[in-house]
Amino acid sequence: MKKYIPNHIENKWQQRWGKDNLYFTDLQKTGQKFYCLVELAYSSGDLHMGHWFTFTMGDILARFKRMQGFNVLLPNGFDAFGLPAENAAIKRGIHPQDWTMSNITRMKQQFTTMGASFDWEKSTISCLPEYYRWNQWIFLKMYEKGLAYRGKTYSSWCPSCQTVVAEENVEAGKCWRCETEVIQKEVEQWFLKITAYADDLLWSEPPEVAWPKSLRESQNAWIGKSKGALIKFPLAAQKNQFIEIFTTRPDTIYGATFLIINPEHPLLKQLLASKHHQEVAEYVIQASKKSEQERKENKEKSGVFTGSFVTNPLTHQQIPIWVADYVLPGYGTGAIMAVPAHDQRDFDFAKKFGLEIVPVIDSGQAEQLAGLPFTGEGKLINSQQFDDLTSKKAAQEITDHLHSLGLGEHQTTYHLHDWSISRQRYWGTPIPFVYCDKCGLVPVPEKDLPVELPYKVDYTPQGKPPLATAEQWVNVDCPQCGGSAKRETETMDGFMDNSWYFFRYLDPHNEHKIFDQELISKWMPLEIYIGGAEHTLGHALYSRFFTKFFHDLGLVKFTEYAEKRLHHGLILGVDGTKMSKSKGNVVNPDEQVKLYGADAIRTYLAFLGPFDIVAPWDPNGVGGVFHFLERVWNLQDKVSKNEKLSKEDYYQMHKTIKKVTDDIETMKNNTAVAALMEWLNFLSKKTAVSLVEYEKFLLLLSPFAPHLTEEVWQQLGQAYSIHQQDWPQAEEKYLQAAEVKIAVMIDGKLRAQLVIDYDIVNKETDVVSQALKLEKISKLLLNKDLKRKIYVSGKVVNFVTQLT
RNA sequence: GCCGAAGUGGCGGAAUGGUAUACGCGGUAGUCUCAAAAACUACUAGUCGCAAGGCUGUGUGGGUUCGACUCCCACCUUCGGCACCA
């Protein structure tokens, strides 16, 4: 027999599978479908170990389901637009498109060496017009529905990338791509009104689909729905002028002893007519200098008195207006009523500046007696006609009362902001709008899509969008009046591309529609979506938003696109830290393939630990798995066609079939591989192995090691391909061992073992009397008073002599 | 601070409330060899003991139970996430 040398067989089978189109999925076929989705890769040019890990897990599940008779779709595509392409191109002088497309060619080759069962006919590349024209189409539809609009706000701006960075892509005050500190800059840009879906995006309990709890709770927190009231506080000096505040605790209004506005508040200029002018102006300047990050980090309260007063609409007292940067411009109305007795921050502020503290909720608790703020709910005090009401009731009644005075209303606010989608860069989907001198902003008609990205532009950053340099492209006739107009030169955020790609996988080349609705209703929602937890507040939220939008357009019938989402783990470098080029601890999959072959790497990644594991790459571990595969290969020597199976042989075989089946189903690949190793250890001890056993073994191993199993399968003279065989079935009648080991305990402590025939496993009296006869047990029980006998079928006998 | 997940050998990790440490790595000894590597075999939680055997052990302290890694309460630590959100 030949030695197991992966490099001699893997390439051969990869080519054969490709030639035979073995993993082609007929979407029209009837029968149960299984759509297995893995988050698509960015076309960076190199497949790293993280890709291997994630895609291998998807591939194992897909292969398993296919053998179980499901019509499985395992597609793959490329996230191809975005800054890295543009930056790499600027650095190396290659056009982003050429850079991207050659990367994709290379990565496809790397994906092939993985031996994964992708159906490459169902694939998308986001930088191709046949894909991004539908980004434009979606954008126009959103515009039609009032969900895409042009707005002006302060946004995080990356000076290095020369573009707006979405809030959820700002990490610790730095740009997620280049790690330059972002600044706040007022820019006009396109927004998608994701806030219109805030309530729809909130997860209910229990959830409609099986998505991770951590994701659901993070998304809910990010959406940040809170109910409260808008209340107008009349300015003391000017009649009919108000400061409007938002509060979640209108019940505490009688305790509002001052009011705070943020330093950027529009009313502030008006208020600066007092003697405090200088001090306030200085504070505002100081606050504007602080970066968002500093403001958040420094929790020491700061602020100044404006010199002006408002009237508390219910106590009718004049209360001072302060400016403080702990009140944020982007939330609520940017102004608060401060209730120091019942809010920690207001309390800290009041203490620091010696402001009045009036308790209005009776907590009956010690903190309050000790003069600390009580932030919970309770019964009202010091609140005139509302005294003795509970917080909940009072909140309702006080808001209603304010409403009748024309000074308040019920209000719900959200933390979620609209999605700023325009980028002042080249390598992205052109936004399909033109600016006409006569007609203003005009959408490009649907029939004129796609608005193709011009190839020839100057994409080096100069403070204006690169597309503005493509003059021929920019100057167009207005679709409405035919007069001269200019194209929008901003492009779309790359997150737009990957918010809906899994719909397009099902119908990637459709020229007439975004997708065929019948195909979608047949194949979606998809069964499982494997991806990273880092996309919780980005991609995983946007894609749900798009699905709900498609639903409202009448394109799809469901409101969640994936029945299940699973977060994958992370493979660290050998040193236990995150792999990075600068640290030089990157484990290159291509090199590992050369050393051990794809099968060993796949199986090692599966065996490493639970699916969500964060663990370092262990070179010895791969070696161990390679050794396992080698032993499987060498077992051929022992195979005999005539070998009869004992009861124990059948038991081991079916026990393993059951375990591997259950484990792959629940994505516990590590214990599935361990079960195969155990069975191999058992088979290796036998003098001969039957063909039946060996075949079953190969079938069970085939999702993990597709090349080796295919090769041995062929050598055994079996029909091609092993990957088209039926998955083995565990039979109940074989799932009983011949003998059962029972633990015998006295007072819960293990004292002996009893081996019984399987036949008497359910006969309690027989088992107990056999246990009592054991020499060791009878000796230990000699002078003891046996109070209870407990028998757990097939597991344990416990003799209790002491009852507490 | 808040939210989420998790703490088990030298290491990665197994265990429907029922014999803790499966499987793999690493280690020790042996077989084979002139030797080494590879392969194979045995052992490998700590501790007392020549042994038989005992005791202690799943982050800490309590609790429930005949029996707890598993369930409950309190605490500690680590990892991941977050928004001074009124």
Side-chain angles (χ1 to χ4, degrees), chain A residues 167-168 212-218 220-222 224-226 228 245-249 252 256 260 262 295-301 324-328 330-339 342-346 348-349 375 413-416 533-534 536-537 567 570 576 603-604 607-610 612-625 627-628 630-631 634 659 668 670-681 684-685 741-754 776 787-804:
Chain A
E167 251 353 272
E168 43 285 355
K213 192 177 179 189
S214 60
L215 174 143
R216 288 172 1 234
E217 301 206 341
S218 290
N220 279 357
W222 184 255
K225 181 177 185 170
S226 47
I245 62 99
F246 172 72
T247 179
T248 53
R249 294 293 301 274
T252 62
I260 302 181
N262 74 77
R295 274 207 205 179
K296 283 175 186 169
E297 270 169 16
N298 181 14
K299 305 223 166 158
E300 175 72 28
K301 297 286 172 291
D325 65 6
Y326 81 88
V327 174
L328 307 170
Y331 184 78
T333 63
I336 63 160
M337 65 176 200
V339 185
H342 303 290
D343 182 282
Q344 183 68 51
R345 295 153 303 178
D346 298 346
D348 295 343
F349 195 85
T375 55
T413 62
Y414 299 87
H415 170 251
L416 185 71
E534 70 274 19
T536 295
L537 303 180
H567 288 157
L570 182 64
T603 311
Y604 168 67
F607 180 60
L608 194 59
D612 58 356
I613 193 175
V614 177
W617 180 264
D618 177 5
N620 290 319
V622 203
V625 171
H627 184 217
F628 160 68
E630 214 174 14
R631 288 173 63 208
N634 293 338
K659 177 80 178 148
K668 283 155 67 178
N670 55 331
T671 47
V673 175
L676 285 167
M677 287 172 168
E678 279 184 72
W679 192 24
L680 178 69
N681 290 344
S684 302
K685 284 188 186 119
K741 279 183 190 165
I742 307 282
V744 184
M745 299 174 167
I746 294 174
D747 294 326
K749 286 201 171 184
L750 180 67
R751 294 301 173 191
Q753 276 197 349
L754 176 67
K776 207 177 149 188
K787 296 215 169 86
R788 254 175 97 178
K789 295 173 218 160
I790 289 156
Y791 175 57
V792 182
S793 178
K795 302 269 187 193
V796 162
V797 176
N798 192 12
F799 296 112
V800 183
T801 66
Q802 298 162 352
L803 281 178
T804 42

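Per chain, numbering begins at 1; letters A, B, ... match sequence-line order.
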Quick note, side chain to side chain donor-acceptor pair (under 3.5 Å) partners involving residues 741-752 of chain A, not counting sequence neighbours, are Asp747(A)-Thr801(A)

Pick base, sugar-phosphate or nothing for [X], based on heavy-atom distances below 4.0 Å to the nucleic acid.
X	value
Gln753(A)	base
Lys776(A)	sugar-phosphate
Leu608(A)	sugar-phosphate
Ser226(A)	sugar-phosphate
Ile613(A)	sugar-phosphate
Pro212(A)	nothing

Just to confirm, is there a sub-4.0 Å distance from OP1 or OP2 of [N] to any side-chain nitrogen or oxygen of [X]?
X	N	result
Tyr604(A)	G24(B)	no
Asn670(A)	A14(B)	yes
Asn681(A)	G24(B)	yes
Asn798(A)	G67(B)	no

Distance check, [atom1] atoms only: [N] and [M], in whole angstrom units.
N	M	atom1	answer
C32(B)	G26(B)	P	24 Å
A45(B)	U21(B)	P	9 Å
G17(B)	G67(B)	C1'	8 Å

Select one nucleotide: of [options], the one nearest the side-chain heavy atoms of [X].
X	options	value
Ser218(A)	G12(B), G81(B), C66(B)	G81(B)
Leu750(A)	A14(B), A20(B), G54(B)	A20(B)
Val327(A)	A86(B), C23(B), A14(B)	A86(B)
Ser214(A)	G13(B), G4(B), U19(B)	G4(B)
Arg345(A)	C23(B), A86(B), C25(B)	A86(B)
Thr671(A)	U19(B), G24(B), A14(B)	A14(B)
Arg751(A)	C66(B), C23(B), C55(B)	C55(B)
Thr247(A)	G53(B), U19(B), A86(B)	A86(B)
Met745(A)	C82(B), G18(B), G53(B)	G18(B)
Met677(A)	C23(B), A86(B), G4(B)	C23(B)

Parallel, tilted or perpendicular: which describes the rings of Phe349(A) and Tyr326(A), with under 30° parallel and over 60° perpendicular? tilted

Shorter than 3.5 Å, N or O on both sides, protein versus nucleotides 56-59 of chain B: list them out with atom names.
| from | atom 1 | to | atom 2 | distance (Å) |
| --- | --- | --- | --- | --- |
| U56(B) | OP2 | Lys749(A) | NZ | 3.2 |

Within the 3.5 Å criterion, strictly below it, is a donor on Arg631(A) or Asn681(A) matched to an acceptor on the partner's side chain? yes

chi for G46(B) classified (syn = within 90 degrees of 0, anti otherwise) as anti

Measure all distances between protein nitrogen or oxygen atoms and nitrogen or oxygen atoms of nucleotides 38-48 of chain B, and list the pairs falling under 3.5 Å.
| from | atom 1 | to | atom 2 | distance (Å) |
| --- | --- | --- | --- | --- |
| C40(B) | OP2 | His627(A) | NE2 | 3.3 |

